[in-house]
Novice: 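So that we are looking at the same thing, I have put the structure below in C-alpha cells.
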Amino acid sequence: MIRFEVYISDEGLAEINGEPLPPMPGQSVHEAVLDRLQRYAVENAGVVEATVNEPSDTGHFVVQVSPDGSSRLLESGPGPEPGRVPRAAPEVTTRSGTAVATDSGTAVAIAVARATAAARATGRASARTPDVVLPAELAAPVGRINALAAAGRLAEAHALATKLRESLTDEAGAEDPHAVEARAVEAHIAHLSGNHREAVVLALAVARIRCRAGDRRAPEEVARATAAWQWLDDDRTAVAHGRELLHMWDRLGRRGLVRSPHAELVGRVRRRVDALEAFV
C-alpha cells in the first residue's frame, strides 16, 4: 500500500510529502487533503494510506482512501507508540454508504469523515459551500445553495449563489463582509461546475478585497485563488491572472505574511508564468 505523510499547520496550511496543498475556493483544508488522496488512489488503482499530523494540541490520525472516494479512519492520538500498528476505529455506515470512524479522538477526523461522505454521495469534491456568517434572513438561501450543490443541481446552486452575491452587493457594496463571503460561495460553486475561469475571477476578487483591507485571512484567500488558477488551461488567461497573483503574494511578502508552504506555492506560480510568457 502506498503511504503519504500529511502535515497541517496551526495556520491551517497543508503539505503532502512536503508539497504545499492550497484548498480550492470554499474548500476546507481537510477536504483538500481528502480530494488529493483520492486522486492518488485513482492514479495508483488502489487504496492509499496517509498519516495526518495535526497541530500539537490535536495529535494525528491515519486515514485510508479508496479510488471511489470512500475512506476508513484509523485510531487517532497524540503520537504512535513505538512498534505499534494503528487499529481501526469502530465504524458506522452513513446514509451515503460510507463507513466512518465514530470514536475518533479529534474533531478533524470527524470533519474528514463528513467530507468523505459528501464526496462519495456526489461523486466529486465536496459540494458543501463555505460556512458563511450571514444575517438570519439569509440563512435560508445559503442552506438552499448547500442542498442544491449536494444534490448535484449545480446550475441551480450557481444561479442562487449569484443572486445572493448580487443582492448583498447592491445593498451594502462589493466589499461588505457578507457580500465577500457570498462571492466565495459563488466561486466554490463555479469550481464544482467546471467553470474554472469564473471561479478564478471570483476567487481573485475575494483575495483582492482581503489584501486591500489588511485582513488576516488574506494569505488563505490568495492561496485559494492560486489553487483555482492552477485549473486554467488558456495560456493568456493564466499569465494575466498569474501576474496578479504574484503581485498579491509580493504585497503579502512585504508584510511578512508569506510562510514557508506559501513561499513554495509562490515559486510554482512564478515558474509557470515565466514558462507561459515565453510562448504567449
Side-chain angles (χ1 to χ4, degrees), residues 4-40 43 50 52-55 108 115 125-126 130 180 183-184 187-188 190-192 196-278 280:
F4 297 90
E5 193 77 15
V6 179
Y7 173 72
I8 298 176
S9 71
D10 291 301
E11 293 80 20
L13 305 176
E15 293 181 357
I16 297 183
N17 285 359
E19 180 182 352
L21 177 64
M24 294 300 300
Q27 186 181 47
S28 75
V29 66
H30 302 103
E31 291 169 338
V33 167
L34 186 69
D35 289 346
R36 181 61 60 87
L37 291 175
Q38 181 185 1
R39 193 182 82 182
Y40 290 154
E43 291 173 352
V52 181
N53 298 288
E54 291 280 285
V108 173
S126 174
V180 174
R183 192 181 299 270
H188 182 55
H191 165 65
L192 290 179
H196 301 304
R197 181 175 295 193
E198 181 182 359
V200 171
V201 170
L202 291 165
L204 279 172
V206 174
R208 195 180 303 122
I209 292 170
R210 299 277 195 228
C211 286
R212 189 161 52 240
D215 194 304
R216 61 180 176 78
R217 293 168 291 179
E220 177 186 346
E221 296 295 358
V222 179
R224 293 180 191 278
T226 301
W229 171 81
Q230 292 174 338
W231 286 79
L232 292 176
D233 55 11
D234 179 84
D235 290 350
R236 291 185 182 276
T237 302
V239 167
H241 291 320
R243 286 172 178 160
E244 182 176 8
L245 283 169
L246 290 174
H247 175 68
M248 285 192 280
W249 281 124
D250 288 343
R251 287 180 59 189
L252 292 172
R254 288 194 294 271
R255 293 164 53 196
L257 298 177
V258 178
R259 301 183 182 275
S260 178
H262 284 158
E264 296 179 36
L265 187 62
V266 175
R268 289 163 58 187
V269 175
R270 199 176 303 279
R271 288 190 294 273
R272 184 186 179 195
V273 169
D274 288 346
L276 290 175
E277 284 184 325
V280 298

Novice: Any ion pair linking E277 and R243 (charged N to carboxylate O, less than 4.0 Å)?
Specialist: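 Yes, R243 and E277 are salt-bridged.
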
Novice: Heavy atoms only: give me the nearest G18-E264 pair and the separation to one decimal.
Specialist: O-OE1, 3.4 Å

Novice: What's the shortest heavy-atom distance between A223 and H262, and which atoms?
Specialist: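 So the two residues come closest at CB-NE2, 3.9 Å.
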
Novice: Closest heavy-atom contact between A190 and L202?
Specialist: CB-CD1, 4.5 Å

Novice: Might you work through the side chain to side chain contact (heavy atoms under 4.5 Å, CB included) test for V266 and R271, ending with a clear yes or no?
Specialist: CA-CA 9 Å; V266 175; R271 288 190 294 273; over 6 Å; no

Novice: Applying salt bridge (charged side-chain N to carboxylate O under 4.0 Å, His left out), run through R268 and E19 and close with a yes or a no.
Specialist: CA-CA 11 Å; R268 289 163 58 187; E19 180 182 352; 3.7 Å; yes

Novice: Give the C-alpha distance, both sets of side-chain angles, the deciding distance and a yes or no for side chain to side chain contact (heavy atoms under 4.5 Å, CB included) between R36 and I16.
Specialist: CA-CA 9 Å; R36 181 61 60 87; I16 297 183; 3.6 Å; yes

Novice: Taking it one step at a time, do E198 and V201 satisfy side chain to side chain contact (heavy atoms under 4.5 Å, CB included)?
Specialist: CA-CA 5 Å; E198 181 182 359; V201 170; 5.6 Å; no

Novice: Compare every heavy atom of A205 with every heavy atom of R183, then report the nearest pair and how far apart it is.
Specialist: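 Heavy atoms of R183 and A205 come nearest at CD-CB, 3.6 Å.
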
Novice: Just how far is it from atom CG of L265 to atom CZ of R270, taken to the nearest 0.5 Å?
Specialist: 11.5 Å

Novice: Set out, in order, the CA-CA distance, both residues' side-chain angles and the distance that settles ring pair (Phe, Tyr, Trp, His ring centres under 6.0 Å) for H191 and W231, then state yes or no.
Specialist: CA-CA 9 Å; H191 165 65; W231 286 79; 5.4 Å; yes

Novice: Could you measure the distance from the CG atom of N17 to the OH atom of Y40? Nearest 0.5 Å is fine.
Specialist: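 Taking CG in N17 and OH in Y40, the distance rounds to 7.0 Å.
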
Novice: Could you go through L204 and M248, starting from their C-alpha distance and side-chain angles, then the distance that decides it, and tell me whether this counts as side chain to side chain contact (heavy atoms under 4.5 Å, CB included)?
Specialist: CA-CA 10 Å; L204 279 172; M248 285 192 280; 3.4 Å; yes

Novice: Measure from the side-chain N and O atoms of D235 to the backbone N and O of L276, and report whether any donor-acceptor pair falls under 3.5 Å.
Specialist: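 Such a contact is absent between D235 side chain and L276 backbone.
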
Novice: Evaluate whether atom CZ of R197 has more than 12 neighbouring non-hydrogen atoms of other residues, nucleotides or ligands under 6.0 angstrom away.
Specialist: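 Counting other residues, nucleotides and ligands, CZ of R197 stays at 12 neighbours or fewer.
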
Novice: List the steps, then state whether salt bridge (charged side-chain N to carboxylate O under 4.0 Å, His left out) holds for E244 with R208.
Specialist: CA-CA 9 Å; E244 182 176 8; R208 195 180 303 122; 2.6 Å; yes

Novice: Which pair of heavy atoms, one from P219 and one from L252, lies closest together, and at what distance?
Specialist: CA-CD1, 3.8 Å

Novice: Verify, without hydrogens or angle tests, whether N53 (side chain) and V6 (backbone) share a donor-acceptor contact under 3.5 angstrom.
Specialist: yes

Novice: Let's go through D215 and R217 carefully: what are the C-alpha distance in whole Å and the side-chain angles of both, what is the deciding distance for salt bridge (charged side-chain N to carboxylate O under 4.0 Å, His left out) to 0.1 Å, and is it a yes or a no?
Specialist: CA-CA 5 Å; D215 194 304; R217 293 168 291 179; 3.0 Å; yes

Novice: Does W229 reach the main-chain N or O of L245 with its side chain, forming a donor-acceptor pair under 3.5 Å?
Specialist: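 It does not hold such a pair.
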
Novice: Can you find a pair of side-chain heavy atoms, one from I209 and one from R212, that are under 4.5 Å apart?
Specialist: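 Yes, side chains in contact.
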
Novice: To the nearest 0.5 angstrom, please state how far the NE2 atom of H196 sits from the CG atom of L232.
Specialist: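 It is 8.5 Å, given to the nearest 0.5 Å.
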
Novice: Of all heavy-atom pairs between W249 and V258, which one has the smallest distance, and what is that distance?
Specialist: O-CG2, 3.6 Å

